[in-house]
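Structure record follows, encoded as structure tokens.
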Amino acid sequence: MTTALPSTPTPDDAALWHQGRLYLTDQRVLPERAEFLGYDQACDVADAIRAMVVRGAPAIGVAAAYGVVLAGRSAYIAAGEGWKQAIEADLGRLAASRPTAVNLFWAIRRMRARIAELDASDPTEALTAEAIAIHEEDRAANRRMGELGAELIQGPTEVITHCNAGAMATGGYGTALGVVRSAFAAGKIRRVYADETRPWMQGARLTAWELMHDGIPVTLQADCAAASLMAGGRVGWVIVGSDRIAANGDVANKIGTYGLAVMARHHGIKFMVAAPTSTVDMEVASGADIPIEERDPVELLSCGGRRIAPAGCEARNPVFDVTPAGLVDAIVTERGVVLDPTLEKMQALMA
Ligand SMILES: CSC[C@H]1O[C@H](OP(=O)(O)O)[C@H](O)[C@@H]1O
């Protein structure tokens with residue numbers, strides 16, 4: 001919760017709760033414009049998640065948690081002591097907003113557990129406290145992951161990251177970029193190479209913005225430039241986030257992550273996934289069972305508002321892929337680090 005709404009969002013401001021209203025940084029217009037959009041209705045928060053106003057697995061979970069607060073308040077206004085029935089439609093809208101990031105469902109499940117404890121009186125205050133707790137716990141988890149991930153890096157080295165697993169993708173500080181921030185502060189990272197991350201350009205528009213804001217040396221590169229950089233011998237780690245980690249340690253993340261992992265293994269470069277345990281889904285046995293979001297092909301057929309393919313050209317636009325656990329050297333969570341992840345090791349982590 002914030003005492004005053006900043007005039008301009010900083011990287012830590014993906015989602016802010018201020019005076020009973022949810023504010024989201026509109027990540028669609030960064031870095032040209034840094035501006036908040038305000039939300040009073042859960043259905044509009046669901047639309048904001050689907051439209052990627054807010055994106056990034058933990059940030060989606062935080063936004064959904066605040067969306068449940070708005071849903072509870074609206075349900076009580078509409079139905080009084082019948083609010084528990086009335087809230088269901090909005091909970092469904094939030095759950096249907098995007099399919100891959102398990103943090104969305106984790107957050108809704110945790111808010112539902114809080115709802116179950118409440119009586120028929122106005123739930124707004126209790127649900128607000130729970131959503132703020134989710135937000136603050138995510139920030140603290142990212143700080144802890146930053147420390148644990150930085151300890152794995154000998155340094156000084158250079159790293160590649162993909163998409164945006166930064167403060168803008170979380171409750172603050174970031175997961176992969178949280179490790180980058182902590183390792184840079186410890187003098188272990190000289191430079192970050194950020195994949196632009198076609199088609200939505202999270203790397204170019206968000207990761208570069210975050211790292212330049214923090215004074216961390218960053219070089220933007222085309223996604224297809226990562227391989228030759230790895231061959232050059234200066235990169236020590238690939239560090240990415242995740243949207244869902246299966247019970248066996250398979251990792252769903254932004255499209256292109258799997259290829260990075262294959263190339264990293266070929267070049268003897270370590271591959272680190274930083275993600276809070278709210279991203280681990282022990283109910284999914286392997287990556288084969290993780291739903292992969294396919295977004296509108298138009299996102300691929302245009303760039304910067306211009307069409308870049310012939311009219312009528314067919315396209316496919318899966319926005320996540322799965323990296324097998326065997327290609328992951330370390331999964332860094334706030335509870336601890338899993339090296340060479342296996343089902344047994346993930347079970348021990350989540351016990
Ligand atoms: C810290 S998890 C961020 C994760 O989410 C991104 O996907 P999207 O921008 O489509 O929400 C990407 O997979 C990042 O690694």
Side-chain angles (χ1 to χ4, degrees), residues 11-12 14-15 24-28 30 48-64 97-107 135 138-139 141-143 145-146 149 160-181 192 194-207 209-210 223 238-245 250-261 271-281 287 290-296 299-300 317-323 328 331-334:
D12 272 337
L24 299 175
T25 296
D26 186 350
Q27 299 191 37
R28 301 171 300 180
L30 282 172
I49 292 169
R50 183 176 300 109
M52 296 175 71
V53 168
V54 59
R55 35 61 54 196
I60 290 171
V62 168
S97 54
R98 287 187 80 187
T100 303
V102 71
N103 313 62
L104 170 66
F105 310 101
W106 172 88
H135 193 167
D138 185 70
R139 273 206 182 114
N142 294 336
R143 291 276 177 176
M145 284 190 281
I160 292 173
T161 192
H162 190 69
C163 195
N164 172 259
M168 274 283 131
T170 67
Y173 198 67
T175 54
L177 293 196
V179 172
V180 164
R181 287 179 163 107
V192 178
D195 288 351
E196 62 180 356
T197 315
R198 283 267 304 146
W200 216 75
M201 301 296 223
Q202 291 93 328
R205 300 188 304 104
L206 304 175
T207 294
W209 178 71
E210 285 199 38
D223 299 332
V238 174
I239 307 175
V240 298
S242 177
D243 295 80
R244 192 180 307 213
I245 299 173
D250 289 349
V251 172
N253 196 50
K254 183 54 51 199
I255 191 80
T257 302
Y258 172 40
L260 282 176
F271 191 86
M272 182 193 303
V273 176
T277 50
S278 54
T279 303
V280 178
D281 184 356
I290 297 175
I292 300 297
E293 182 182 7
E294 292 259 357
R295 291 183 69 88
D296 188 334
E299 292 179 355
L300 200 79
N317 187 19
V319 292
F320 298 104
D321 61 20
V322 174
T323 298
V328 178
I331 294 178
V332 177
T333 78
E334 77 283 7

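Both counts, for ligands and for their atoms, begin at 1 and track the order of listing. Basis for what follows: all heavy atoms, side chains included, without hydrogens, waters or symmetry-related copies.
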Residue list, side-chain hydrogen bond (donor to acceptor under 3.5 Å, both in side chains) with Asn103, at least two apart or on another chain: Ser278, Thr279
Selection residues 167-181 - residue pairs positive for salt bridge (charged side-chain N to carboxylate O under 4.0 Å, His left out), sequence neighbours left out: Arg181-Glu210, Arg181-Asp214
Near ligand 1, at a heavy-atom separation below 4.0 Å: residues by chain and residue number: Met52, Arg55, Gly56, Ala57, Pro58, Arg98, Cys163, Asn164, Ala165, Ala169, Thr170, Thr175, Gln202, Ser242, Asp243, Asn253, Lys254, Phe320
No-hydrogen, no-angle side-chain donor-acceptor test under 3.5 Å, Arg205 and Asn164: no
With Arg28 via side chain to side chain contact (heavy atoms under 4.5 Å, CB included) - residues at least two apart: Asp26, Leu37, Ala51, Val53, Trp200
Test item: His162 side-chain N/O and Ile255 main-chain N/O as donor-acceptor pair under 3.5 Å: yes
Candidate list Val328, Ile331, Ile160, test side-chain contact (heavy atoms from CB on, under 4.5 Å), partner Phe271, passing option: Val328
